[in-house]
Amino acid sequence: MLIIGNHVGFNKDTQLLGSLNEALSYGANTFMFYTGAPQNTVRGKIVDGLTLQAMEKMKEENIDYSKVVVHAPYIINLANGDTDKFKFSVRFLKEEVERCAILGIKWMVLHPGSHVGLGVDAGIDNIIHGLNEVLVDSPVTILLETMAGKGSEVGRNFEEIKRIIDGVENKDRIGVCLDTCHLNDAGYDVTDFDKLLDEFDKVVGLSYVKCIHINDSKNICGSHKDRHENIGFGTIGFDNLIKIIYNKRLEDIPKILETPYVGEKPPYKEEIAMIRAKKFDEKLKEKLEED
Ligand code: FE
Ligand code: FE
Ligand code: ZN
């Protein structure tokens with residue numbers, strides 16, 4: 001069964017129930033969310049009543065909650081050796097892990113970090129050090145996202161992901177989240193995804209992949225830009241994304257759209273419908289802009 005959803009909001013009043021309802025309104029059967037604003041540290045208290053209501057509703061709707069993922073705030077940067085920032089990142093990531101645990105979330109996607117001029121080797125050492133502090137007895141598995149290689153981002157190729165995983169002591173709590181836009185922008189040919197998966201399997205191991213972000217890209221392969229485009233409107237194209245989404249080797253893995261709003265409107269209901277029908281609607285953006 002296709003497990004498809006998108007990035008949804010999480011607000012302090014409706015919490016997980018609100019996120020679920022938003023996902024359902026798009027016809028999704030999974031979703032990803034931040035537990036608060038990704039760019040600040042303000043976090044409200046988790047209300048267990050709302051979590052339980054959401055869990056009940058997911059059962060009714062046949063949603064497998066064990067595959068719903070949280071995205072860690074992007075202000076976390078474990079690659080930065082600057083002691084205060086590093087300490088802040090570790091502490092905040094630990095708090096996010098606790099929040100995931102309270103919510104019953106198993107998987108959290110994390111950008112490995114940016115080395116900000118320290119160099120890749122130092123960046124990787126810092127990331128490993130930070131992850132080992134966070135993952136000691138973590139109930140949550142952290143999924144390292146493959147990055148586009150913008151600026152000094154670490155995790156821009158499979159070898160860097162592999163080096164980080166090698167340094168992590170608690171191997172049961174580390175995994176990977178692939179992102180189609182990032183892979184393309186990092187220089188991987190996503191039009192032959194079986195070949196890409198073969199390479200990933202050889203370097204890292206396919207069993208580490210627990211989630212895949214499905215995004216088209218505004219830029220060409222190898223551009224190192226990281227600008228997401230709506231499904232079928234970018235350089236990867238609809239047919240190639242469909243091949244990735246329906247790849248048998250990724251069947252049980254949740255697919256999450258992080259495509260941009262069109263004007264003020266979320267495109268997810270229409271994009272999920274196109275994906276289910278395997279039919280591209282080239283007028284989609286025009287239509288969303290009109291009404
Ligand atoms: Fe991300
Ligand atoms: Fe992503
Ligand atoms: Zn991105």
Side-chain angles (χ1 to χ4, degrees), residues 3-10 19 23 28 30-40 67-79 89 92-93 96-97 100 105 107-114 127 131 140-158 160-161 164 174-188 190 193 196 200 208-231 233-236 241 244-245 250 253-261 266-268 271-272 275:
I3 308 168
I4 184 123
N6 59 284
H7 192 204
V8 296
F10 180 94
S19 305
T30 194
F31 53 99
M32 178 176 83
F33 62 97
Y34 288 107
T35 71
Q39 73 279 14
N40 67 44
K67 292 187 175 176
V68 172
V69 298
V70 157
H71 197 304
Y74 50 71
I75 46 170
I76 290 175
N77 181 13
L78 295 180
S89 291
F92 196 34
L93 187 56
E96 286 295 310
V97 164
C100 285
I105 286 282
W107 292 340
M108 177 161 66
V109 176
L110 174 74
H111 294 177
S114 294
I127 293 166
L131 284 174
V140 176
T141 297
I142 287 182
L143 309 181
L144 301 169
E145 184 164 357
T146 58
M147 303 309 290
K150 190 177 64 182
S152 64
E153 276 174 354
V154 179
R156 65 201 155 138
N157 57 47
F158 302 160
E160 289 181 8
I161 297 281
I164 299 169
I174 194 80
V176 175
C177 172
L178 302 173
D179 182 309
T180 56
C181 169
H182 298 176
L183 289 168
N184 173 78
D185 290 15
Y188 287 98
V190 298
F193 219 68
L196 183 146
F200 187 89
Y208 280 107
V209 178
K210 305 296 183 198
C211 180
I212 177 163
H213 291 165
I214 303 289
N215 303 302
D216 215 326
S217 174
K218 285 191 195 294
N219 296 97
I220 55 162
C221 181
S223 61
H224 303 294
K225 285 280 208 290
D226 189 6
R227 291 189 64 216
H228 302 187
E229 180 56 281
N230 292 101
I231 303 302
F233 290 90
T235 58
I236 299 174
L241 288 167
I244 297 168
I245 292 164
L250 303 170
I253 291 167
K255 324 277 181 324
I256 302 289
L257 307 173
E258 305 172 293
T259 47
Y261 273 39
Y268 310 115
E271 286 182 332
I272 289 172
I275 287 166

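Whatever order the structure lists them in is the order used to number ligands and atoms, beginning at 1.
Atom CD1 in Ile214 sits 9.5 Å away from atom CD1 in Ile256 (nearest 0.5 Å).
Metal site remark for the Zn ion (ligand 3): His213 contributes no N, O or S atom at a distance under 2.8 Å. At a threshold of 2.8 Å, the Fe ion (ligand 2) has no backbone or side-chain N, O or S atom of His71 nearer than that distance. At a threshold of 2.8 Å, the Zn ion (ligand 3) has a backbone or side-chain N, O or S atom of Asp226 nearer than that distance. Using a cut-off of 2.8 Å, one finds that His182 contributes an N/O/S atom close to the Zn ion (ligand 3). Distance check for Cys177 against the Fe ion (ligand 1): none of its N/O/S atoms falls below 2.8 Å.
Between the OD2 atom of Asp179 and the OE1 atom of Glu258, the angle taken at the Fe ion (ligand 2) works out to 90° after rounding to 10°.
Among the heteroatoms counted here (N, O or S) of His213, ND1 is the one nearest to the Fe ion (ligand 2). Atom OE1 is the N, O or S atom of Glu145 at the shortest distance from the Fe ion (ligand 1).
Ring geometry, His71 versus His7: the interplanar angle falls from 30° to 60°, so the pair is classed tilted.
No side-chain donor-acceptor contact under 3.5 Å links Lys210 to the backbone of Tyr208. A donor-acceptor pair is defined here as one N or O able to donate and one able to accept, closer than 3.5 Å; no such pair exists between the side chain of Lys150 and the backbone of Asp185.
Of all heavy-atom pairs spanning Asp216 and Asn230, the tightest one is CB-O, 3.2 Å. Nearest approach of Arg156 to Gly149, heavy atoms of both residues: CB-CA, 3.6 Å.
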